[in-house]
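All remarks here apply to the structure that follows.
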Protein chains: 2
Amino acid sequence: MTDDDAVFRALADGSRRLLLDRLRARDGQTLGQLCLGLDMSRQAVAKHLAVLEEANLVAWQRQGREKLHFINPVPIHQIARRWITQFDLPRLDALAALKDRLEGPENDEQGKDNAP
Amino acid sequence: MTDDDAVFRALADGSRRLLLDRLRARDGQTLGQLCLGLDMSRQAVAKHLAVLEEANLVAWQRQGREKLHFINPVPIHQIARRWITQFDLPRLDALAALKDRLEGPENDEQGKDNAP
DNA sequence: TTAATACGCAACCAAATGGTTGCCTGTCAA
DNA sequence: TTGACAGGCAACCATTTGGTTGCGTATTAA
């Protein structure tokens with residue numbers, strides 16, 4: 001329905017997030033390359049890529065008989081922005097601290113649960 | 001599998017995102033209240049809430065015969081942070097600009113598609 | 001030209017998902 | 001105490017999802 005919906009759905013699957021990770025590590029890979037360590041059939045990977053394409057998270061380009069896949073960070077960017085602004089507006093300044101930490105030496109953790 | 005997985009899955013459904021929106025608008029609502037305008041059976045909403053609870057996105061508290069639901073922003077926070085840092089590290093400074101815009105008057109849009 | 005490579009298409013399958021209905025339990029108020 | 005109200009549980013159903021296999025097509029290399 002929403003345009004985000006496709007993105008959320010695409011991100012809902014671990015295999016697809018893994019594919020995004022791999023593309024982030026090295027952009028412009030072919031289907032075959034993306035299949036390599038994955039314990040999944042080529043067609044399964046192709047289907048996942050189709051979902052990612054439909055969500056506009058991955059774009060591709062023909063090169064001869066190869067299909068090179070490229071990651072598109074914009075939708076994630078938008079969603080992250082939206083959900084940060086909608087959910088965490090009061091804590092947005094925490095991101096400044098995050099930025100500081102990232103530019104600094106090490107990352108530390110912070111609290112997790114607060115179930116009543 | 002991952003701890004994020006439950007969160008991503010939970011966020012994948014529009015109805016559940018809507019429930020989170022409603023809780024964000026007013027925290028501590030009962031099942032019945034959350035059902036009100038939703039064109040879904042009470043049990044369907046209860047199931048969605050169960051998914052959100054399992055992802056630790058919603059916590060609840062008994063009060064007599066009522067069950068008050070509370071939103072927990074931490075998991076989204078964590079995911080947003082992770083995905084921003086993993087995907088957008090080079091653009092992290094854009095968040096500073098975002099913060100400026102949010103503290104300023106109006107929000108403008110930016111580019112969408114870039115399929116080849 | 002032939003064969004190997006890289007991918008697409010379609011059918012099929014099991015399991016998960018989102019939803020329903022029916023009925024049961026606990027709590028509050030008359 | 002007796003309803004009415006808020007919610008829980010379980011069975012059931014249709015569709016979607018994630019995956020497979022089999023076969024077909026285009027491109028490259030021998």
Side-chain angles (χ1 to χ4, degrees), chain A residues 1-2 4-23 26-71 115-116, chain B residues 1-23 26-55 57-71 115-116:
Chain A
M1 210 175 208
T2 343
D4 303 320
D5 204 58
V7 180
F8 277 111
R9 290 251 170 121
L11 292 178
D13 188 274
S15 304
R16 288 193 285 269
R17 295 199 299 276
L18 197 150
L19 286 173
L20 286 180
D21 278 344
R22 287 184 145 218
L23 280 181
R26 182 155 56 97
D27 212 6
Q29 295 189 65
T30 69
L31 216 198
Q33 290 173 323
L34 287 169
C35 286
L36 280 182
L38 277 198
D39 195 34
M40 236 190 303
S41 72
R42 178 176 53 84
Q43 286 81 352
V45 176
K47 279 190 182 183
H48 283 306
L49 286 174
V51 174
L52 291 170
E53 289 162 20
E54 203 171 348
N56 201 25
L57 285 165
V58 161
W60 51 269
Q61 198 174 4
R62 262 267 122 70
Q63 188 146 30
R65 60 182 168 183
E66 293 185 335
K67 189 183 181 183
L68 306 181
H69 297 265
F70 300 89
I71 199 172
Chain B
M1 208 174 209
T2 344
D3 197 33
D4 302 321
D5 203 57
V7 181
F8 276 111
R9 289 248 168 125
L11 292 178
D13 187 275
S15 304
R16 287 192 286 268
R17 294 198 301 276
L18 198 149
L19 286 172
L20 287 180
D21 279 342
R22 288 183 146 219
L23 280 181
R26 182 154 58 95
D27 212 6
Q29 295 189 64
T30 69
L31 218 198
Q33 291 174 323
L34 287 169
C35 285
L36 280 182
L38 278 198
D39 196 35
M40 235 189 302
S41 73
R42 178 176 53 85
Q43 285 80 353
V45 176
K47 279 191 182 180
H48 283 307
L49 286 174
V51 174
L52 291 171
E53 289 162 21
E54 205 171 345
L57 285 164
V58 162
W60 52 268
Q61 197 176 4
R62 261 267 124 68
Q63 188 147 30
R65 60 183 168 183
E66 293 184 334
K67 189 183 183 184
L68 307 181
H69 297 263
F70 299 89
I71 199 172

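Comparing atom distances between the D13(B) side chain and each of dG18(C), dG19(C), dG7(D) picks out dG18(C) as nearest. Nearest to the side-chain atoms of R16(B) among the listed nucleotides dG18(C), dT20(D), dG19(C) stands dG18(C). Taking every side-chain heavy atom of R65(A) into account, dA4(C) is the closest of dG22(D), dA4(C), dA11(D). Closest to the side chain of K47(A), from the set dG19(D), dG7(D), dT21(C), is dG19(D).
When atom types are taken as modelled, the side chain of R17(B) and the backbone of L11(B) share a donor-acceptor pair closer than 3.5 angstrom. With hydrogens and angles disregarded, no donor-acceptor distance shorter than 3.5 Å links the side chain of R9(B) to the backbone of A55(B).
Of the listed residues (V45(B), L49(B), V58(B), L52(B)), just one forms a side chain to side chain contact (heavy atoms under 4.5 Å, CB included) with R16(B), and that residue is L52(B).
E66(B) places its CD atom 22 Å from the P atom of dT25(C), with the value rounded to the nearest Å. We find that CZ of F8(A) is positioned 18 Å from P of dT17(C), with the value rounded to whole Å. Between the P atom of dG19(C) and the CG atom of L18(B) lies a distance of 11 Å, rounded to the nearest Å. Between the CD atom of Q29(A) and the C1' atom of dA6(C) there is a distance of 15 Å, given to the nearest Å. Atom CG of L31(B) is separated from atom C1' of dC9(D) by 13 Å (rounded to the nearest Å). For the pair L36(A) CG and dA6(C) P, the interatomic distance rounds to 10 Å; values are reported in whole Å. Taking atom CG of residue L68(B) and atom P of nucleotide dA6(D), one finds them 12 Å apart after rounding to whole Å. Rounded to whole angstrom, the span from the CG atom of D39(B) across to the C1' atom of dT20(C) amounts to 13 Å.
For the pair S41(B) and dT20(C), the criterion of a side-chain N or O lying under 4.0 Å from OP1 or OP2 is met. Taking side-chain N and O atoms only, H48(B) has a distance below 4.0 Å to OP1 or OP2 of dG19(C). Look at T30(B) and you'll find a side-chain N or O under 4.0 angstrom from OP1 or OP2 of dG7(D). Distances shorter than 4.0 Å separate none of the side-chain N or O atoms of R62(B) from OP1 or OP2 on dT27(C).
Between the NZ atom of K47(A) and the CG atom of D13(A) there is a distance of 12.5 Å, given to the nearest 0.5 Å.
Between the side chain of Q43(A) and the base of dG22(D), at least one donor-acceptor pair of N or O atoms lies under 3.5 Å.
No more than 12 heavy atoms of other residues, nucleotides or ligands lie within 6.0 Å of CD in E54(A), so this atom counts as exposed by the packing criterion.
Residue order along DNA chain C, read from the 5' end via each residue's closest nucleotide, puts V45(B) first among V45(B) and R42(B). Of the residues near DNA chain D, M40(A) and Q63(A), the one whose nearest nucleotide (by heavy atom distance) lies more toward the 5' end is M40(A).
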